[in-house]
Amino acid sequence: MGVDLARAAEAGEPADNSIRAAALYQAHCAACHGGQRLGGMGPALLPQSLERLKPAEARQVITHGRAATQMPAFGEKLAAEDVQALAAWIYAPVSPAPTWGEADIRASRTAAPNAKELPAKPAWKADPMNLFVVVEGGDHHVSLVDGDRFEVIHRFASRFALHGGPKFSPDGRFVYFGSRDGWITKYDLWNLQVVAEVRAGLNMRNVAVSGDGKWLMAANYLPHTLALFDAALNLVKTYAATTLDGQASSRVSAVYDAAPRKSFVVALKDIPELWEISYDPQAEPIFDGYVHDYRQGEAIAKPGTFGIRRTLLDEPLDDFFFDQSYAHALGATRPRTAAPGDAQAPTQAPPTAQVVNLDIRKKIAELPIAGMPHLGSGITFPFKGSTVLASPNLQGGAVDVIDMKTWRPLQRIATPGPGFFMRSHEATPYAWTDSMMSPGAKDTLTLIDKRTLQVAAQIREPGRTLAHTEFTRDGRFALVSLWEMDGALIVYDAQTLKEVKRLPMSKPVGKYNVWNKITRSEGTSH
């Protein structure tokens with residue numbers, strides 16, 4: 001792709017923006033971001049990896065650099081039109097499309113040579129079960145916060161654009177991070193060091209860790225694959241995200257661990273299937289297609305352990321969460337958009353929400369939720385002898401509450417604007433939800449009384465963005481993100497709602513309490 005622009009100009013050859021941008025990239029960017037824009041010392045610069053970075057922000061980064069990283073400023077080296085051309089070019093697809101296979105995954109893995117000799121106890125003095133892992137998106141760092149004293153124990157640099165929430169080993173010692181450009185990092189929280197890394201794909205949605213801590217699975221947008229690893233991040237196998245006949249492929253929306261079922265559950269973005277992949281050594285065999293009576297062995301069975309058990313749906317399921325029994329996956333169907341290279345035209349169908357029974361492998365209900373429910377951040381809690389689910393909404397200023405016995409609506413609770421995150425805890429009477437998707441109400445948290453389904457209080461940070469609540473292991477304190485570059489972690493007393501402490505941080509995207517995660521606490525994401 002290298003082009004000698006001076007020679008082209010002398011020859012009178014036209015040098016359009018893409019040719020100029022390609023040459024500029026090779027001269028100034030390839031050493032860090034890779035010749036094919038797949039990443040290296042710096043992150044991948046692919047359209048799929050830049051979904052949340054606006055082109056104007058990309059121009060700012062090229063011009064002024066990025067603080068606390070190795071990204072330099074090019075404002076004095078490049079003319080404004082060159083910056084414009086570069087910024088536009090990195091949002092264009094790479095041609096030919098990049099690939100990332102099993103050999104690439106295995107070659108990418110690195111591991112600390114001393115990992116097996118590290119002490120099996122924390123090197124710091126705090127309750128390891130009340131530790132918070134805080135992802136700071138502003139400068140791509142992670143802070144470890146003592147959940148009793150509310151002090152930072154340690155802070156370290158992370159991969160670019162962590163996504164999908166960190167996942168913990170069952171003993172709380174290790175945390176696994178996934179980045180948008182496909183890197184999985186295994187970090188030893190007790191010894192404060194990275195112990196292994198591997199690149200599962202070129203654009204990754206999230207990772208899940210099995211309930212027994214032995215397996216990890218990664219969901220990829222690019223390529224269209226799932227990748228299965230052991231706990232040391234050695235690749236076990238990859239799965240092509242395709243229909244059974246291989247005629248259609250899909251990006252993978254999400255993968256979550258269903259620990260009581262000893263399985264991973266997988267949502268596909270572009271084909272109407274929900275997968276369950278068991279890691280139970282005693283898993284029942286899988287019979288694809290129609291079987292007169294599987295007990296008579298009238299079809300050819302596939303191994304149940306690490307095999308794909310498919311649930312066929314009418315529409316793809318985007319993101320989802322589980323009910324408390326883990327018998328049901330509750331998710332949203334988004335308006336269909338074509339994947340890169342997908343010949344199918346997008347449709348204009350409105351979003352819906354649906355309930356899939358994982359035992360009988362079919363959709364059993366459609367949830368009557370208008371707008372664009374964000375069920376991936378939904379919560380469940382007891383209410384008047386039943387269990388209800390509550391979901392924020394990305395389009396409407398409301399929280400919908402559904403009875404999980406009848407799958408019928410109980411209440412629609414008005415909020416100041418569309419929200420993204422909703423959280424609670426067994427020990428608090430309130431569900432905390434934000435309105436961060438609303439330009440006029442992003443500064444407001446709404447607290448809903450779980451006993452009455454009424455708004456009990458609001459917390460505001462005028463003109464700023466409040467989001468993503470998480471609780472201490474005992475539920476006494478709520479930690480909230482002031483989601484700004486000059487932001488903070490704000491600690492509130494969950495009963496009195498008074499501010500207790502404020503820790504300055506750089507755009508704290510999310511915070512995750514070890515105990516709440518590994519015990520699958522009510523009201524937190526899993």
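Index from 1, following the sequence. Since this is a predicted model, take the numbers as computed values, not measurements.
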Residue from Asp403, Leu330, Asp323 passing side chain to side chain contact (heavy atoms under 4.5 Å, CB included) with Leu389: Leu330
Residue Lys362 excluded, over 12 heavy atoms near NZ under 6.0 Å: no
Distance under 6.0 Å and angle within 45° of ring axis: Lys511 vs Phe132: no
Verdict with supporting geometry, Thr415 and Val399, side-chain contact (heavy atoms from CB on, under 4.5 Å): CA-CA 7 Å; Thr415 60; Val399 166; 4.0 Å; yes
Within 6.0 angstrom of Arg464 CZ, more than 12 heavy atoms from elsewhere: yes
Side-chain H-bond candidate by donor/acceptor type, Asn114 with Gln193, under 3.5 Å: yes
Any donor-acceptor N or O pair under 3.5 Å, side chains Arg109, Asn234: yes
Any side-chain donor near an acceptor of the partner, Glu197 and Thr185, under 3.5 Å: yes
Asn220 versus Tyr239, side-chain donor and acceptor atoms under 3.5 Å: no
Side-chain donor-acceptor pair present, Glu522, Thr380, cut-off under 3.5 Å: no
Heavy-atom neighbours of Arg476 CZ exceed 12 at 6.0 Å: no
Value rounded to 0.5 Å, distance of CZ in Phe150 from CG in Asn130: 7.5 Å
Tyr221 six-ring face occupied by Arg251 cation (under 6.0 Å, within 45°): yes
side-chain contact (heavy atoms from CB on, under 4.5 Å) evaluation trace for Asp181 with Asn203: CA-CA 4 Å; Asp181 55 356; Asn203 182 256; over 6 Å; no
Residue pair Trp432 / Ile459, side-chain heavy-atom distance below 4.5 Å: yes
Check: Tyr279/Asp257 side-chain N/O donor and acceptor closer than 3.5 Å: yes
Residue pair Glu273 / Thr311, side-chain donor-acceptor N/O under 3.5 Å: no
With Tyr256, the ring-ring contact (aromatic ring centres under 6.0 Å, His included) member among Phe321, Tyr326, Phe320, Phe264: Phe320
Heavy-atom check, side chain of Val145 versus side chain of Met505, under 4.5 Å: yes
Distance-only polar pair, side chains of Lys450 and Ser424, donor-acceptor under 3.5 Å: yes
Test item: side-chain donor near acceptor, Ser263 and Glu276, under 3.5 Å: yes
Polar side chain donor-acceptor pair, His163 to Arg180, under 3.5 angstrom: yes
